[in-house]
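In what follows, a structure is listed as structure tokens, so that the remarks can point back to it.
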Amino acid sequence: MILVLAGSLGLASAATAWTLSSRQCQVWVDGALRLYMARMGWWLCVAAPADIWKLAVDHRHADNYGFLPHQFNADHRMIRAIARTFHNPAAQRTSLAIDHIHLAHLCGALCERQQALQAQLQRCSGRTALRRHQTLLRLLRVQHLIRHTTEDRLDLQQLAASANYSPTHLIRAYRDVFDETPSEFANRLRQQRAWAMVRGTALSIGEISQALGFDSESAFCRAFKQAFGLTTGQARRLETTASAPPSRP
């Protein structure tokens, strides 16, 4: 579990790379992870074998198979729980009981943040809790790849291979759990990014279309108008308070 306190932190797995900004937290269980920081900053990382986390988890709030990969904004309670885990002079005197108590507080805070994921777990296919947990891990891996791949769009074959599914099985399983297909999720993210970049940056429309992986500036402008009912110029001339994209039927 990684928390950025100041600055930004780069993370890289075997499949993709992404960045955490200040007060963002990442729970990671899917293989090796490399951390790097280009500029001065502060971050904390808690790493332990999976069995240690399972022992500390309050099983009233989480299943017996541990946490799920998750990125979120840390609130005050989460930051305080992490700080207690690190700043614990009694634990430094090899008092394992106190160390376990502070880790349990941290796990309790994490369990609360993973309640939405636990609800999605119930929608996964599988006869046992372990099989459902494994299914959701695979689907979250696909979702993570889509979320953090902006320049080069992944095709369905690549996404399915990352989860060890066939493309047809992936579409069906993903829709059952998240109420949309992987392609629909990817398109929704691109629309959100397009709105944020048009409204919140000084980049040219050509630079934005290239960053989002569109074939041309005109293709991006057509897609933007279809999604929001506004041209990029009209969107940039909106009142500064209108930060959220307009709703479309």
Side-chain angles (χ1 to χ4, degrees), residues 1-50 52-53 56 66-89 91-92 99 102-117 140-141 143-154 185-186 188-204 207-208 210-213 240-241 243-245:
M1 193 217 65
I2 300 139
L3 169 67
V4 178
L5 297 172
S8 62
L9 179 69
L11 293 83
S13 66
T16 188
W18 67 104
T19 301
L20 294 182
S21 57
S22 178
R23 298 180 71 91
Q24 283 191 317
C25 191
Q26 176 77 60
V27 178
W28 187 255
V29 298
D30 198 12
L33 195 63
R34 184 169 65 90
L35 313 179
Y36 55 94
M37 184 171 277
R39 297 179 180 177
M40 182 64 181
W42 297 93
W43 54 276
L44 298 172
C45 177
V46 183
I52 300 296
W53 291 100
F67 292 110
L68 293 157
H70 184 204
Q71 181 179 323
F72 57 90
N73 294 323
D75 56 16
H76 179 71
R77 184 192 174 195
M78 176 64 63
I79 294 174
R80 186 170 62 177
I82 296 172
R84 282 181 174 178
T85 304
F86 278 93
H87 185 65
N88 185 10
Q92 295 173 10
D99 190 44
H102 283 80
L103 184 59
H105 283 307
L106 174 58
C107 288
L110 283 174
C111 286
E112 288 188 6
R113 299 307 301 260
Q114 298 220 330
Q115 286 181 355
L117 291 177
L140 289 174
R141 185 183 304 150
Q143 190 177 83
H144 180 83
L145 285 173
I146 297 173
R147 189 182 300 278
H148 296 292
T149 302
T150 55
E151 292 82 5
D152 299 317
R153 286 171 285 171
L154 293 173
F185 175 64
R188 183 163 58 84
L189 282 184
R190 289 179 86 201
Q191 289 176 2
Q192 292 173 356
R193 289 169 179 149
W195 180 263
M197 294 176 78
V198 168
R199 292 282 297 140
T201 73
L203 295 174
S204 70
E207 290 172 323
I208 294 174
Q210 185 176 12
L212 294 175
T240 56
T241 56
S243 58

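Nothing here was measured: the structure is a model prediction, and the numbers come from that model.
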Query raised in the report: Could you walk me through whether Ile82 and Met1 pass the side chain to side chain contact (heavy atoms under 4.5 Å, CB included) check?
Result: CA-CA 9 Å; Ile82 296 172; Met1 193 217 65; 3.3 Å; yes
Query raised in the report: Quick one: side chain to side chain donor-acceptor pair (under 3.5 Å) partners of Ser8, sequence neighbours excluded?
Result: none
Requested in this report: Name all residues meeting the side chain to side chain donor-acceptor pair (under 3.5 Å) criterion together with Gln192; count only those two or more places apart in sequence or in a different chain, and write none if there are none.
Outcome: none
Report task. Say whether, by atom type as modelled, one donor and one acceptor occur between the side chain of Ser22 and the main chain of Gly7 under 3.5 angstrom. Result -> no
Query raised in the report: Ignoring hydrogens and geometry, is there a side-chain-to-backbone donor-acceptor pair from Arg190 to Leu212 under 3.5 Å?
Result: yes
**Report entry** Under the ring-ring contact (aromatic ring centres under 6.0 Å, His included) test, residues paired with Trp42 that sit two or more places apart
**Finding:** none
Report task. Mind checking ring-ring contact (aromatic ring centres under 6.0 Å, His included) for His144 and listing every partner two or more places apart, or none if nothing turns up? Result -> Trp18, Trp28, His148
Query - Nearest non-hydrogen partners of Phe67 and Cys107, listed with the distance - result: CZ-O, 3.8 Å
Query raised in the report: Which pair of non-hydrogen atoms, one from Ala74 and one from Met78, has the smallest distance, and what is that distance?
Result: CB-CG, 4.0 Å
Measuring from [X]:[atom1] to [Y]:[atom2], what's the distance to the nearest 0.5 Å?
{"X": "Thr19", "Y": "Met37", "atom1": "OG1", "atom2": "CE", "answer": "10.5 Å"}
{"X": "Cys45", "Y": "Leu9", "atom1": "SG", "atom2": "CG", "answer": "9.0 Å"}
{"X": "Leu3", "Y": "Trp43", "atom1": "CG", "atom2": "CH2", "answer": "11.0 Å"}

Please identify each residue that fulfils side chain to side chain contact (heavy atoms under 4.5 Å, CB included) with [X], with sequence neighbours left out.
{"X": "Leu117", "answer": "Leu68, His70, Gln114, Gln120, Leu140"}
{"X": "Arg23", "answer": "Ile79"}
{"X": "Gln24", "answer": "Leu20, Ser21, Gln71, Asn73"}
{"X": "Thr201", "answer": "Met197, Leu203, Ile208, Arg236"}

Report task. Just grab all the salt bridge (charged side-chain N to carboxylate O under 4.0 Å, His left out) pairs involving residues 66-81, residues at least two apart or on different chains. Result -> Asp75-Arg113, Arg77-Glu112
Requested in this report: Any salt bridge (charged side-chain N to carboxylate O under 4.0 Å, His left out) involving residues 26-47? Give me the pairs, sequence neighbours left out, ordered by first then second residue.
Outcome: Asp30-Arg141
